[in-house]
Visitor: 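I'd like to ask some things about the structure below.
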There are 2 protein chains.
Amino acid sequence: MGQGRNQYQIIRSALCEQIESGALPAGTKLPPERLLSESFGTTRVTLREALSSLEADGMVYREDRRGWFVSPERIVYNPTVNTNFHTMVADQGRTPETRLISASLAPATTRIQKLLQLPPLTPVYRVQRLRLIDQRTVLYVENYINPEYFPGLLDQDLEQSLSDIYRTHYRTRYSKVNFRLYPVGIHDEAATHLRVTSGSSGLLVTRVNHDQKKRLIDCDFEYWRQDAIVITAQARK
Amino acid sequence: MGQGRNQYQIIRSALCEQIESGALPAGTKLPPERLLSESFGTTRVTLREALSSLEADGMVYREDRRGWFVSPERIVYNPTVNTNFHTMVADQGRTPETRLISASLAPATTRIQKLLQLPPLTPVYRVQRLRLIDQRTVLYVENYINPEYFPGLLDQDLEQSLSDIYRTHYRTRYSKVNFRLYPVGIHDEAATHLRVTSGSSGLLVTRVNHDQKKRLIDCDFEYWRQDAIVITAQARK
DNA sequence: GAGTGGTCTAGACCACACC
DNA sequence: GTGTGGTCTAGACCACTCC
């Protein structure tokens, strides 16, 4: 087992070994599939089987229609600590970046309305952003924010950390955070923005956030590239 | 996008709709791939593409060489709450079961030795178990336990919850727990026991556990079927 | 426009599950 | 032993990326 007798597992081990030895450093683009499959004396289908298996392990990743790349190290994400994306990434010696996709005021969908405990059709801020580590897209986030507590939010620079904006402009900070973590397939908008092929597996982190006055201020949906993070937390009793 | 113009996405939607409508209840075995591919007027390769995509979403799962099944609901797992597997599952109206695979005393590997902060080659208890929900294998666990604190542990009934044994026989309970959560590919032993095809994606939860006296008592590696759980936690500040 | 990845076809053999 | 899923071949076309 393990390195196996199957064709694709042999290819798997070969690539794996090259990556671990450092011959293929993080971020390297692999040769075209047709070329690789020839090198291994096999077909593209089998080669892709091997690559998909490495992808599940987080050793390689793909960008839709661009090719295969060697995965960088995972970022350690502790959702129980109230730090923000930029601080977290910078603290680990990596380079964070946030890109605003859109921000608008619109009626809450049923789901959002329920999560934020709002009356039907209340307008909420919807902010869509993309987050990168060392130039690689790792996270697509949608925030839904109760506008009552943050008048004029859309005029702020939304490529900053939201928690920074809350703190400096609204004297509000996250206090109680409920989060959930689903392994899911990534589709549609999230897939497009992350440059992931639709349906590939990822991690959905949803958060419902209260402030220091116990007000329900916002919720978010974070779609992470599956190989970008390891989640950590601590419990005491 | 979404339900898409591709063949496999059309099949995806069709199956998805059947499942959500309740026509295919949780646990149902799907018809053989050859039959299904004929029904959809396509080849097995394309059908499997569709099924794999549904698998990533946690809507169907497979048992190695046995076929495809409709996934049951996910169990909500809160690792920051010190409950045990049996209580957690039963509280959600499901039926838990634990099967002992093996239990023995053996020298710690380098990795375990480091995690448990032991001198080289210290013997540790190694317990391998399989856990089921409603007869479905969802979790393969390896525990590594410092034997100093639990003399005679191997004589206990290890199909019970370990935390129960610790509490009733050793007056010891979990106090501080550090855990980490990796999306990974499942291989080798874990794959075999979970009846998962080697390399399919899953969730690895590792825990390092201290007792009420702050002693480092054990650590474990939990390999979860990717569609079996949703993880939840709460943070306060 | 060339090349690449995404998708798809129409077969095949083998090993294992189940009868 | 039969049938199934797991693996593999040798092609093909299309849509997109990148030049």
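By convention in this document, chain letters (A, B, ...) are assigned in the order of the sequence lines, proteins followed by strands, and residues within each chain are numbered from 1.
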Visitor: Is it true that A:Thr137 and A:Arg195 share a donor-acceptor pair across their side chains at a distance under 3.5 Å?
Guide: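 The criterion, which ignores hydrogens and geometry beyond distance, is not satisfied for A:Thr137 and A:Arg195.
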Visitor: Does one side chain, of B:Glu222 or B:Tyr140, offer a donor that lies under 3.5 Å from an acceptor on the other?
Guide: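 Judged by distance alone, the side chains do not pair up.
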Visitor: Using heavy-atom distances to pick each residue's nearest nucleotide on DNA chain D, tell me which of B:Glu63 and A:Thr46 is more 5'.
Guide: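 This one resolves to B:Glu63.
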Visitor: With a 3.5 Å cut-off and no angle check, do the side chains of A:His86 and A:Asp164 form a donor-acceptor pair?
Guide: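 Result is no, nothing qualifies.
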Visitor: Between A:Ser102 and A:Gln128, does any side-chain donor sit less than 3.5 Å from a side-chain acceptor?
Guide: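 Per modelled atom types, A:Ser102 and A:Gln128 side chains form a pair under 3.5 Å.
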Visitor: Could you give the start and end, 5' to 3', of the contact zone on DNA chain C for chain B, using atoms under 4.0 Å from its heavy atoms?
Guide: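 Span of nucleotides near chain B: C:dT7 to C:dC18.
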Visitor: Can you sort out which residues in residues 47-55 of chain B have a heavy atom within less than 4.0 Å of DNA chain D? Ascending by number, please.
Guide: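 DNA chain D contact set from residues 47-55 of chain B: B:Arg48.
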Visitor: How long is the straight-line distance from CD of A:Glu49 back to CZ of A:Arg12, given to the nearest 0.5 Å?
Guide: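 Between atom CZ of A:Arg12 and atom CD of A:Glu49 there are 11.5 Å.
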Visitor: Just wondering, do A:Leu153 and A:Ile165 contact through their side chains at under 4.5 Å, heavy atoms?
Guide: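 A side-chain contact exists here, since the closest heavy-atom pair is under 4.5 Å.
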Visitor: Return a single string for nucleotides 14-19 of chain D, one symbol per nucleotide in 5' to 3' order, where B is base contact, S is sugar-phosphate-only contact and - is none, cutoff 4.0 angstrom on heavy atoms.
Guide: -BSSS-
Visitor: Would you list the pairs meeting salt bridge (charged side-chain N to carboxylate O under 4.0 Å, His left out) in which at least one residue belongs to residues 84-95 of chain B, sequence neighbours left out?
Guide: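 Found B:Arg94-B:Asp134.
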Visitor: Could you say whether A:Thr42 or B:Thr197 is positioned toward the 5' end of DNA chain D, judged by the nucleotide with the nearest heavy atom to each?
Guide: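 Checking each residue's closest nucleotide, the 5'-ward one belongs to B:Thr197.
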Visitor: Give every residue pair that meets the salt bridge (charged side-chain N to carboxylate O under 4.0 Å, His left out) criterion with at least one member in residues 20-41 of chain B, sequence neighbours excluded.
Guide: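 Every salt bridge (charged side-chain N to carboxylate O under 4.0 Å, His left out) pair that includes a residue of residues 20-41 of chain B, provided the two are not neighbours, is B:Glu33-B:Arg44, B:Glu33-B:Arg48.
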Visitor: Are A:Val70 and A:Met59 packed together at the side-chain level, in the sense that at least one heavy-atom pair is separated by less than 4.5 angstrom?
Guide: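 Not touching, per the 4.5 Å side-chain cut-off.
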Visitor: Under the rule for ring-ring contact (aromatic ring centres under 6.0 Å, His included), what residues qualify as partners of A:Phe179, not counting sequence neighbours?
Guide: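 Checked A:Phe179 against ring-ring contact (aromatic ring centres under 6.0 Å, His included); zero matches.
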Visitor: Over all strands shown, is A:Arg62 touching base, sugar-phosphate only, or nothing at heavy-atom distances under 4.0 angstrom?
Guide: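 Answer is sugar-phosphate: A:Arg62 comes under 4.0 Å of backbone atoms only.
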